[in-house]
Amino acid sequence: MRNLIVAGLCSLFGSIGAASAADAVYPGANTVEYKDPSGWTFTVSLYGWLAGLEGDVGAGGRTAHVDATIGDILDNLDIAVMGLAEARYERFGVFTDLNYVKLSTSSDTPFGILASSVDATAHSLMWTAAGEYRLLDQPDASVDAFAGFRLFSIKNELDLNPPGLLGGLELSQQETWADPIVGLKGRVSINPQLYLTTWALIGGGASSDIVWDVMGGVGYQFTDTISAVAGYRAAGVDYENDGFVYDVIQHGPILGAVFRF
């Protein structure tokens, strides 16, 4: 896996980046809708998306295929920050989701001619912000429509360690882009504690050819203000610009805790 990640990173000084993707367990997916007397509700969600990564990445006319399982990602994971916040007033709301992942690995170079070893680091940021409107608001079900944007920022770094002809050389490349998105999210209560939740979004056209994201899960309401969700999520993006290629799909289980106040 080390060699695979280094090869992918080297293709654009390396663009494996591990997305992230992601959106959290959207707060509208609670079974019991907490109602503040003022009409406002606020939500913070912390989540983990255990996703693998598959697709093509490249830059400068060089492209590499990456197929990394969640085990491969975890072996090279330095840090992951995933969370969402929402403010809602009656049927209207806004939310923002931040998903940041940093991966790093190190590998010896063949024969040590160019460098003794290579340290590769990949930073991946996916940030989503949108406004939403509740189309259906029933005690046992809700459906929200939303529209906004999704921003991606991929930064990759290569450090070639001495000795060697290129020992001490540091290379880096960063690409940032954003696309409009639209989507739906909803929930259906099974009983006062158990509920089903889902979302789907699609976008692109401004920078990417397409951006998409779907999730389905089961939630459990511990109290009016605390719940947990477990499900499965898949997301993809197809972006290419001036030789930079980031055409990847991520999928895997997602776990989250939702706090409403």
Side-chain angles (χ1 to χ4, degrees), residues 1-27 43-55 57 59 64 66-86 95-107 117-129 149-161 170-178 211 213 215 228-237 239 244 246 248-259:
M1 179 56 193
R2 287 185 176 180
N3 292 335
L4 176 62
I5 291 181
V6 171
L9 285 167
C10 288
S11 70
L12 37 96
F13 310 138
S15 181
I16 180 177
S20 62
D23 293 2
V25 177
Y26 282 119
T43 302
V44 175
S45 176
L46 304 177
Y47 68 95
W49 185 23
L50 305 178
L53 180 75
E54 181 179 1
V57 297
V66 176
D67 188 356
T69 67
I70 181 56
D72 297 329
I73 298 296
L74 291 176
D75 286 343
N76 297 278
L77 179 66
D78 288 338
I79 187 172
V81 179
M82 305 177 188
L84 177 146
E86 181 196 60
F95 68 84
T96 183
D97 173 63
L98 178 68
N99 190 303
Y100 170 76
V101 176
K102 178 184 176 184
L103 298 175
S104 66
T105 188
S106 179
S107 179
S117 61
V118 177
D119 296 329
T121 304
H123 307 260
S124 175
L125 171 69
M126 185 172 69
W127 177 44
T128 305
F149 69 88
R150 175 165 287 182
L151 179 144
F152 296 87
S153 184
I154 309 297
K155 181 179 180 181
N156 303 282
E157 302 170 333
L158 281 184
D159 296 329
L160 283 74
N161 301 314
E170 297 180 359
L171 303 174
S172 67
Q173 180 170 350
Q174 183 169 356
E175 191 84 2
T176 301
W177 69 96
V211 176
D213 193 332
M215 191 282 291
V229 173
Y232 199 89
R233 178 186 178 194
V237 57
Y239 174 80
F244 185 99
Y246 195 70
V248 300
I249 295 175
Q250 302 132 132
H251 60 90
I254 184 171
L255 303 171
V258 183
F259 307 92

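Computed from a predicted model, the values in this text were never measured in an experiment.
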Are the side chains of Leu98 and Leu125 in touch, meaning some heavy atoms are under 4.5 Å apart? yes
What are the two closest non-hydrogen atoms of Thr121 and Ser104, and how far apart are they? OG1-CB, 3.9 Å
Flag the pair Leu103 / Leu77 as yes when at least one side-chain heavy-atom distance between them is below 4.5 Å, and no otherwise. yes
The single option from Gln174, Glu175, His123 that satisfies side chain to side chain donor-acceptor pair (under 3.5 Å) with Ser153 is Gln174
Check for a donor-acceptor pair, side chain of Asp72 on one end and backbone N or O of Thr69 on the other, with a separation under 3.5 Å. yes
Contact between Val66 and Val248 at the side-chain level, heavy atoms closer than 4.5 Å - yes or no? no
Pairwise side-chain contact, Met126 with Val237, heavy-atom cut-off 4.5 Å (strictly under): no
From OG1 (Thr43) to CD (Glu86), nearest 0.5 Å: 5.0 Å
From CD1 (Ile70) to NE2 (His251), nearest 0.5 Å: 11.0 Å
Test ring pair (Phe, Tyr, Trp, His ring centres under 6.0 Å) applied to Trp127 and Phe95, Tyr100, Phe149, the passing residue: Phe149
Would you say Ile154 and Trp177 make side-chain contact, with heavy atoms under 4.5 Å? yes
Would you mind reporting whether Tyr239 and Val211 have side-chain heavy atoms less than 4.5 Å apart? no
Going by heavy atoms in the side chains, are Trp49 and Met82 under 4.5 Å from each other? yes
If you define the side chain from C-beta out and look only at heavy atoms, does anything of Tyr47 sit under 4.5 Å from Asp97? yes
